[in-house]
Amino acid sequence: MIINKNDENSISVTSEILKKGGIVILPTDTVYGFSGITGDFFTDKKIRLIKGRSETKPFIQLIANPEDIYKYTNDIIPQKLISKWPGSLSIIVHLKQELPEYKTQQTVAFRCPGDEWLRKIIAECNKPIYSTSVNKSGQPVLDEQAAICSEFEKDCDLIVLDGDKKNACPSTLVSIENNEIKILRQGSVKI
């Protein structure tokens, strides 16, 4: 199924498909991304299969509100990073040990996206959603909606269109180790 982001029911249609374990291609505040709800649906494995991506390379997880990150970590996050949210900054944090859904992971990169439409979908899902660029592993990121549909329509439950994303910049990716901010990927947000 293909819909437009500006369709009246795009938020409800998208969130319902995600909540049922579907894989959706979404426009984000950076590039188009494969998304699936975190949790029991093995959506991460489905996305890896579509992309041909390694089991060891983790996905960014999108959250609805900046303060939601503290549901998942006890790390102290510098205010200069939190102040960049909502926005295209991904922050790798150490996970709380008592979270059963993350039993095999020690760290996760979270992002609170700048797109209000996307944050509403995440809030409707009531869980983070995975996000990873739309491309086959090792290939360039697809930035034209016609190419995205041609390549992946048969692999996904839904594609939400919002125009081409030519020259879109990925999120800036940082980690925090020993209270030091380390830039792992420079994107559009300057730290």
Side-chain angles (χ1 to χ4, degrees), residues 1-7 10-11 13-39 41-54 57-64 68-69 85-92 108-125 127-174 184-189:
M1 178 184 344
I2 298 174
I3 63 172
N4 286 299
K5 178 181 173 181
N6 60 4
D7 288 352
S10 66
I11 291 173
V13 168
T14 303
S15 59
E16 284 306 309
I17 289 173
L18 287 167
K19 287 190 282 188
K20 291 176 181 171
I23 303 301
V24 178
I25 294 177
L26 296 173
T28 73
D29 51 343
T30 57
V31 297
Y32 278 93
F34 287 110
S35 291
I37 195 167
T38 62
F41 293 108
F42 302 105
T43 55
D44 59 333
K45 290 184 179 13
K46 294 176 190 176
I47 295 169
R48 287 179 199 288
L49 188 63
I50 294 168
K51 282 183 68 98
R53 185 166 176 174
S54 161
K57 196 169 178 187
F59 297 136
I60 292 171
Q61 296 187 21
L62 304 180
I63 54 177
D68 291 349
I69 196 167
W85 277 355
S88 59
L89 171 67
S90 299
I91 304 171
I92 298 173
V108 166
F110 288 99
R111 180 158 69 90
C112 180
D115 186 296
E116 183 180 4
W117 173 88
L118 183 52
R119 290 195 313 275
K120 286 179 180 177
I121 290 169
I122 301 162
E124 285 284 319
C125 290
K127 282 186 171 188
I129 63 172
Y130 296 115
S131 184
T132 181
S133 60
V134 176
N135 61 311
K136 291 287 188 184
S137 192
Q139 298 298 312
V141 174
L142 295 180
D143 56 8
E144 295 178 352
Q145 57 186 27
I148 290 168
C149 292
S150 173
E151 179 81 18
F152 293 111
E153 182 178 6
K154 65 187 179 313
D155 297 320
C156 298
D157 298 290
L158 175 67
I159 298 175
V160 181
L161 299 178
D162 188 36
D164 293 344
K165 299 275 186 182
K166 290 289 190 185
N167 303 314
C169 198
S171 65
T172 298
L173 178 64
V174 300
L184 305 175
R185 178 180 70 203
Q186 183 62 62
S188 58
V189 172

- Item | Non-hydrogen side-chain atoms of V134 and K165 separated by less than 4.5 Å | no
- Query: Would a 4.5 Å heavy-atom cut-off, applied to side chains only, mark T43 and F59 as touching?
  - Reply: no
- Heavy-atom closest pair, residues L18 and C125: CB-SG, 3.8 Å
- Message: Whether K166 and D143 form a salt bridge (side-chain N of Lys/Arg under 4.0 Å from carboxylate O of Asp/Glu) is what I want to check.
- Response: yes
- Message: As an exercise, state the distance from CD1 of I37 to CD1 of I121, rounded to the nearest 0.5 Å.
- Response: 11.5 Å
- Starting at CD of E124, measure out to CD of E16 and round the result to the nearest 0.5 Å. 7.5 Å
- Message: Checking R48 against S137: is there a side-chain donor and acceptor pair closer than 3.5 Å?
- Response: no
- Have a look at K5 and tell me which of L161, L26, V160 forms a side-chain contact (heavy atoms from CB on, under 4.5 Å) with it. V160
- What one should report as the nearest heavy-atom pair of P86 and P113 is CB-O, 3.2 Å
- Does E144 reach the main-chain N or O of D164 with its side chain, forming a donor-acceptor pair under 3.5 Å? no
- Task: For residues D162 and Y32, determine if any side-chain heavy atom of one lies less than 4.5 Å from a side-chain heavy atom of the other.
- Result: yes
- Query: Considering only heavy atoms from C-beta outward, does the side chain of I17 approach that of M1 to under 4.5 Å?
  - Reply: yes
- Heavy-atom donor-acceptor pair, K51 side chain to S133 backbone, under 3.5 Å: yes
- Is S35 reaching over with its side chain to a backbone N or O of I129, donor-acceptor style, under 3.5 angstrom? no
- Message: A side-chain contact here means heavy atoms from C-beta on lying under 4.5 Å apart; do S15 and K120 qualify?
- Response: no
- Item | Note: K46-D157 ion pair, threshold 4.0 Å (strictly below) | no
- Message: Could you measure the distance from the CD1 atom of I122 to the CD1 atom of I11? Nearest 0.5 Å is fine.
- Response: 11.0 Å
- Heavy-atom pair with the smallest gap, counting every atom of P128 and Q61: CB-OE1, 3.8 Å
- Message: Please find the pair of heavy atoms, one from F34 and one from N135, that lie closest to each other, and give the distance.
- Response: CE1-N, 3.8 Å
- Item | Listed once per pair and sorted, the salt bridge (Lys or Arg N to Asp or Glu O under 4.0 Å) pairs that draw on residues 129-142, sequence neighbours left out | none
- Query: Taking the side chain as C-beta and beyond, is there a heavy-atom pair between I50 and F152 under 4.5 Å?
  - Reply: yes
- Message: Quick test of your reading of the model: are E116 and R119 salt-bridged, counting only N-O distances below 4.0 Å?
- Response: no
- Any I69 side-chain heavy atom under 4.5 Å of I63 side chain: yes
- Item | Minimal non-hydrogen separation, V31 against A168, with atom names | CG1-CB, 3.8 Å
- Item | Under 3.5 Å donor-acceptor, S90 side chain and L173 backbone | no
- Query: Y130 side chain to P58 main-chain N or O, any donor-acceptor pair under 3.5 Å?
  - Reply: no
- Query: Of the non-hydrogen atoms in S188 and T172, which two are nearest, and what is the gap between them?
  - Reply: N-OG1, 3.7 Å
- Return yes if a side-chain donor-acceptor contact under 3.5 Å exists between S88 and T30, otherwise no. no
